[in-house]
Asks: 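Here it is, the structure in full.
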Amino acid sequence: VAAGGLHKPAFNIFKILHLLGDKRLSASDSQSLVTKRADGSLAIAVWNYSAPDSSGSPREVTLNFKGLAAGPHRATINRVDAKHGSLLPLYEKMGRPQWPTREQQKELRQASQLPPAQTQQIRDNKLKITLPPFGLAVVEVR
């Protein structure tokens with residue numbers, strides 16, 4: 001948390017990582033972490049790492065589910081990236097002020113808020129997600 005109570009992206013990253021379960025399951029991708037919760041639901045973290053001095057590129061992820069019970073399934077997706085829960089783009093646009101004004105702090109605080117989770121239909125036991133550079137998503141499947 002920065003001065004003025006501003007939540008940096010790392011704060012929101014830890015916030016959504018707390019959605020993960022306590023039992024780790026195997027994953028075929030080195031940029032994902034699959035967990036199971038005590039209630040049997042799944043929580044999966046997927047990310048698109050880019051080197052700090054790189055602009056990176058989007059990454060499309062396809063999650064393949066095995067053993068889901070019959071019926072339609074929906075995934076809940078929480079994200080942190082430049083457009084979700086990050087004040088950094090706005091801070092850059094402001095010229096990176098060392099001491100943001102009260103009005104700027106208010107705008108930055110608003111930009112740092114996590115938006116509501118998205119829901120997406122799982123079709124044919126697959127879920128496709130596009131992650132921007134430096135993006136993290138935690139997917140919940142019940």
Side-chain angles (χ1 to χ4, degrees), residues 1-68 71-142:
V1 177
L6 299 172
H7 292 172
K8 294 180 181 181
F11 179 90
N12 287 329
I13 287 170
F14 282 110
K15 189 173 184 175
I16 68 172
L17 286 174
H18 277 283
L19 299 171
L20 293 172
D22 58 358
K23 182 179 180 186
R24 187 171 181 177
L25 304 176
S26 65
S28 60
D29 184 333
S30 65
Q31 291 187 348
S32 63
L33 176 64
V34 181
T35 66
K36 190 173 187 178
R37 297 179 181 148
D39 66 3
S41 63
L42 299 174
I44 305 143
V46 291
W47 56 90
N48 184 7
Y49 174 77
S50 298
D53 55 349
S54 159
S55 60
S57 59
R59 174 178 177 240
E60 187 169 286
V61 176
T62 301
L63 300 176
N64 295 296
F65 297 96
K66 295 178 183 174
L68 287 180
H73 292 278
R74 298 187 69 75
T76 302
I77 306 167
N78 287 278
R79 297 174 178 265
V80 176
D81 56 49
K83 294 182 180 179
H84 303 92
S86 177
L87 54 72
L88 294 178
L90 179 59
Y91 181 68
E92 293 288 334
K93 187 177 174 183
M94 289 176 173
R96 302 180 66 153
Q98 186 173 2
W99 304 106
T101 65
R102 284 190 176 138
E103 184 60 34
Q104 287 174 322
Q105 286 182 32
K106 181 180 175 183
E107 291 176 43
L108 289 167
R109 197 169 292 108
Q110 191 171 21
S112 73
Q113 296 300 305
L114 281 173
Q118 303 167 313
T119 57
Q120 193 171 324
Q121 188 76 32
I122 297 173
R123 300 191 188 284
D124 300 320
N125 290 325
K126 294 181 183 186
L127 179 69
K128 288 187 180 187
I129 301 171
T130 301
L131 295 167
F134 310 102
L136 167 72
V138 173
V139 179
E140 299 174 89
V141 180
R142 296 184 187 274

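We count residues from 1, following the sequence as given.
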Asks: Measure across Ser50 and Ser57 and return the closest heavy-atom pair with its distance rounded to 0.1 Å.
Replies: OG-N, 4.4 Å

Asks: Applying side chain to side chain contact (heavy atoms under 4.5 Å, CB included) to Leu33 and Arg24, what does each step give before you reach the verdict?
Replies: CA-CA 7 Å; Leu33 176 64; Arg24 187 171 181 177; 3.0 Å; yes

Asks: Less than 4.5 Å apart, side chain to side chain, heavy atoms only: is that true for Leu131 and Val61?
Replies: yes

Asks: Does a sphere of radius 6.0 Å around CG in Asp39 hold more than 12 heavy atoms from other residues, nucleotides or ligands, not counting ones at 6.0 Å or beyond?
Replies: yes

Asks: Compare all side-chain heavy atoms of Leu17 with those of Leu20 and state whether any distance is below 4.5 angstrom.
Replies: yes

Asks: Working to the nearest 0.5 angstrom, can you tell me the gap between Leu88 CG and Arg96 CZ?
Replies: 8.5 Å

Asks: Side chain to side chain contact (heavy atoms under 4.5 Å, CB included), that's the test. Do Val138 and His18 meet it? Break it down for me.
Replies: CA-CA 9 Å; Val138 173; His18 277 283; over 6 Å; no

Asks: Would you sort out whether His84 and Asn12 count as a side chain to side chain contact (heavy atoms under 4.5 Å, CB included), showing the intermediate values?
Replies: CA-CA 9 Å; His84 303 92; Asn12 287 329; over 6 Å; no

Asks: Please find the pair of heavy atoms, one from Pro133 and one from Gly56, that lie closest to each other, and give the distance.
Replies: CG-C, 3.6 Å

Asks: Got a sec: does the CD of Gln110 have more than 12 other heavy atoms crowding it under 6.0 Å?
Replies: no

Asks: Are any non-hydrogen side-chain atoms of Glu140 and Arg142 less than 4.5 angstrom apart?
Replies: yes

Asks: With rounding to the nearest 0.5 angstrom, report the NZ to CG distance, Lys23 to Leu42.
Replies: 11.0 Å

Asks: To the nearest 0.5 Å, how far apart are CD in Gln113 and NE2 in His7?
Replies: 7.0 Å

Asks: Can you find a pair of side-chain heavy atoms, one from Arg37 and one from Leu19, that are under 4.5 Å apart?
Replies: yes

Asks: List the atom of His73, the atom of Gln121, and the distance in Å for their closest heavy-atom pair.
Replies: O-NE2, 3.3 Å

Asks: Is the shortest side-chain heavy-atom distance between Asp29 and Val46 below 4.5 Å?
Replies: no

Asks: Between Arg102 and Lys106, is a side chain to side chain contact (heavy atoms under 4.5 Å, CB included) present by the stated rule, with each step listed?
Replies: CA-CA 6 Å; Arg102 284 190 176 138; Lys106 181 180 175 183; over 6 Å; no

Asks: Is any side-chain heavy atom of Pro97 closer than 4.5 Å to one of Gln104?
Replies: yes

Asks: Look only at the side chain of Gln105 and the backbone of Pro100, and say whether a donor-acceptor pair between them is shorter than 3.5 Å.
Replies: yes

Asks: With no hydrogens and no angle check, is any side-chain donor or acceptor of Asn48 less than 3.5 Å from a backbone partner on Pro132?
Replies: yes

Asks: Working to the nearest 0.5 Å, report the span between CG of Asp22 and OG1 of Thr35.
Replies: 8.0 Å

Asks: In this structure, are over 12 heavy atoms from other groups packed under 6.0 Å from Arg74 atom CZ?
Replies: yes

Asks: At their closest point, which heavy atom of Ser112 faces which heavy atom of Leu87, and how far apart are they?
Replies: CB-CD2, 3.9 Å

Asks: With rounding to the nearest 0.5 angstrom, report the CD1 to CG distance, Ile129 to Leu63.
Replies: 5.0 Å

Asks: Of the non-hydrogen atoms in Lys15 and Leu114, which two are nearest, and what is the gap between them?
Replies: CD-CD1, 3.7 Å

Asks: Could you grab the distance from atom OH of Tyr91 to atom OG of Ser86, nearest 0.5 Å is fine?
Replies: 12.5 Å

Asks: Testing the basics here: between Asp81 and Gly135, what is the closest heavy-atom pair and its distance to 0.1 Å?
Replies: CB-CA, 3.8 Å

